[in-house]
Every structure is written in structure tokens, then in C-alpha cells.
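One-based numbering, in listed order, for ligands and for the atoms of each.
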Amino acid sequence: MLKRVSLTVALLMLAGCARTAKNVVDDVGKAIGAGGLTSIQYSGSGYIYAIGQSFKPDDPYSKFNLKSYTRLIDYDKGASREEDVRTQFENPPRGGGLQPVIGERRAVAFLSGDSAWNAGANDTPAPAPAAVEERQVQLALTPHGWVKAAAAAANPTIESKTEDGKQVTVISFTLKGKYKVSGFVDDQNLLEKVDTWLPNPVLGDMPVETTYSDYKDYAGVKFPSKIVQTQGGFPVLDLTVSEVQPNAATNIEVPEVARGATPPPVRVESQKLADGVWFLAGGTHNSVLVEFKDYVAVVEGPLDEGRSLAVIAEAKKLVPNKPIRYLINTHHHFDHSGGIRTYVAEGATIITHELNKPYYEKTFSAPRALSPDALSKNPREAKFETITDKYVLTDGARRLELYLAQGNLHNAGLLIAYMPKEKLLIEPDLFTPPPPKTPPTAAVSPYTASLQANIKRLKLDVRQIAPLHGRVVPVAELQKVLAAGKKS
Ligand SMILES: [Zn+2]
């Protein structure tokens, strides 16, 4: 009797071991009804977060109410339409991500084959070629997309793991030759989690974890009621699904402007603000070049390495034969710090608020196999100068003062820069001048109000503002915006 039981157990174990990755993928496909499914639309609500826009470096990303969310996927065409409508969550606003949201803000992201685009103003399509790969990977992270990608993958692997005391089967494969995708399958053959990594200028190979729970049945197709995705360890989406339509009608057509679009070349346009001071614009984010006796300093290394290389080339053209000794980083938000590693590779010292140094030391050491940069190819130790409240860079003649913008809720370590001789203020994200001839609105951002409070507190005599978004303006533009707010 005992022998027969153990023989049965042994046979069962053998059968378990013999289950291949392909068997598991087939079983998941059957369990969630992937076979006859060519498209799906799901919608719901919850929370959405702006990655890399937290108040402090190690805080969760800034949070918004996700009033509505709808995603239509055409698996046959590799197409997707994702629409979200967000409203302000925190009052007063805290952190970045273009807060405060006045009313609601809608965004629509599309993918079809090798084309990506967004809905721009008045729903005019705006090509987004840089987003193609990420959106393709995201398709393979959805439950049915994962089954289809896993079934098509060469040599998927199988592993048994214990997660939170539960036995799961992990199926891994490589997508597009470089993205490792691992699906965690429970004992009901449901996909409960998919892990992958995406390249990020700040975080390097950034872990992306998507969890699926509370599956419900929609005429033979199972779909999770709860979807949570984290990127770099913090949530970016927390969705409660309320409606699912398997095999929904699809009509995602690539608009002419997005067909074959490639990322536009990085443009840097320099504008001389004073002797030895240049505003480096030409894109969505600006930098300021300041010449000292033996070196130059650059205020802000935004976006990514592509932007930094172009800004550095322009700096070398404007001031040949002087090294870039300092890069001043105004705050840790990803769009403002994604390019600072390139300056470290150039030999520059990073000047930043003391809150950021441990964060950058951690993120600088992250692996970067998905998108190697100059610093990962030629590693060197980053040098930092940190600021608590005030720091002055001077050679006796030229003077650049850096201050913590106290009491601002955009970022805990946000720095503003002031040049007393030039009466020039350089600031990120607290005040972005409206385009010329825009009638001032009654709503003044609390971030702009905090800039004014700091100008007063520090008794700065400002004539001109060089914002790190938008155009250089006389200080009167700031006063105009504040005055319109007071009148209302
Ligand atoms: Zn910011």
C-alpha cells in the first residue's frame, strides 16, 4: 500500500517535472481564453502616477486620480489605444507631473506595428517614435499578450518558485532580442504577475512589475479586475477594471505623420544673456552655460544623454578650451536629472542638494545593459558638491549663487540660481512663462507663489528670469501672472 502510494506520488512528480514551458503557456491560454481572442477592450478607474516626479527622491511618484481609463488592443495588428483622464489628487499639490491639474487632463497613446503616436492638441496626432519599443513591450505584459508572445518565443524557460509562501511556475523568454519577460503562473493557470526591465536614463535597467488579480469571466475570456504596475519599485498605475469586451471592434489606423517617423535630431539654440552667460534652449528643457576664469559651469542636465551630448557640444563651441567643471542639478525629477551622468563622464562635478547625493549614488550603480551610456562604458566615480541652503560658485569676478527654494511643494531639494551682477534668476518648474500674448489666468500655481516668496526672502534683485522650461522673460512677466491671480 505504502509502495503504491509512493509510486503514484513519484509518477505525479514526474508528470509535474515533465510539464514543459510550452505546456504551461498552453494551459494559461486555455484558462484565460486566449485562443480565439484577437482583440480586447478594458476600462476602469483608479490611480495613475507620474514616474520620477516625487517630492523627495525615495518617495512614491506623484499621484493623480485616474477618473477613467480605456485600453483597446488589437493583438493581430500589434496595435493599442490607451486613454487616461486624470484629476488632481493632492491638495495642495505636491511633487511634479505638471501639477496642479486644473479640471481634468486627458492623454491618449497609440501603437500600431512599428509606429507610435499620441493625441496632441485637438486630437491632432503627434508622432512618438521614441515610445515604440516600450509600447510593444507593454503589449506583451497584458495577460493575453503575454500568452501570445510566450507562444511565439524561441526557447522559453520554466522554473518553480515559492512567492509569499505560494508555489508558482515562472515562464521566461526574451522579447525583441533584449527584454527578458517572466510570467508568474499560479496553480489555477492564471497569470498573476509579469516582470520585465525597461531602460530609463535615471534608473538604468528599470524593473517593471505588473500584477494581475481577481480574474473574472467574460463569456469564456478571463480578465483581471485589478491591475497594478510598478516601475523602479513604485506604482505608476493602479487600475480597477469595471468593463471588459473580448473581441471588441478595432479601428486603429496609423496616421500619415506617424508612419516611418524617426526621433527628430536634438536641437540646441543658444541665446547670449550677458557676457559669458548663455541660455541653451531648442527643446522642451533648457540649460544655462556660465563661463568662469578657468572653467565653465552648466546649470541643468535634463532628459537624457542625447540632450546632454548636444548641449555639451554647444558649450564647447561657445567657450572652447575651458573644461566643464560643474554641472548644477536643480532637482532630482527624472526630466531634470536624466542627462547628468554624461557630465560625470566628461569629468564634471555634480552640484546638487544634499538630499540627492545618496539617491544618485544608488541609481548611478544600477546595471545599464538595455541602454549603455558613456558612463557605463567608461565607469568613473561621480564627484558631488552638496548644498543645504546656500552655495556660491565664484572666481572673484563672476558669481553664481545657489539657494534651496524653501517652502516649495514641487521638490524638497529644489535649487534656484541667481547671478547678482547680471540680476538673472534661473529656476526650474516654479514658473514657466506663458507663450507671448497669452492672457493671464486667474489661477496662480502655488509653485509660482513660492518662487516669489523666495525672491523676497532672499532679497534677490531680479531683472530677468531664465526658466528651465520656456523662454527668457523680464521679471515683469512673473509680476503680471501673480497680479492676475490677486485680482481674482
Ligand atoms: Zn520638477
Which atom of H333 is nearest the Zn ion (ligand 1), counting N, O or S only? It is ND1
Any N/O/S atom from H336 (main chain or side chain) under 2.8 Å of the Zn ion (ligand 1)?
no
So CG of D114 and CZ of R135: to nearest 0.5 Å the spacing works out to 13.5 Å
May I ask you to check whether D429 brings an N, O or S atom to under 2.8 Å from the Zn ion (ligand 1)?
yes
Once rounded to the nearest 0.5 Å, what's the spacing between atom CZ of R325 and atom CD of E385?
11.0 Å
Using a strict cut-off of less than 4.0 Å between a Lys/Arg side-chain nitrogen and an Asp/Glu carboxylate oxygen, indicate whether E133 and K178 qualify as a salt bridge.
yes
The single option from T352, V298, I350, L400 that satisfies side-chain contact (heavy atoms from CB on, under 4.5 Å) with I328 is L400
Relative to the Zn ion (ligand 1), which of the N, O or S atoms in H331 is the closest?
NE2
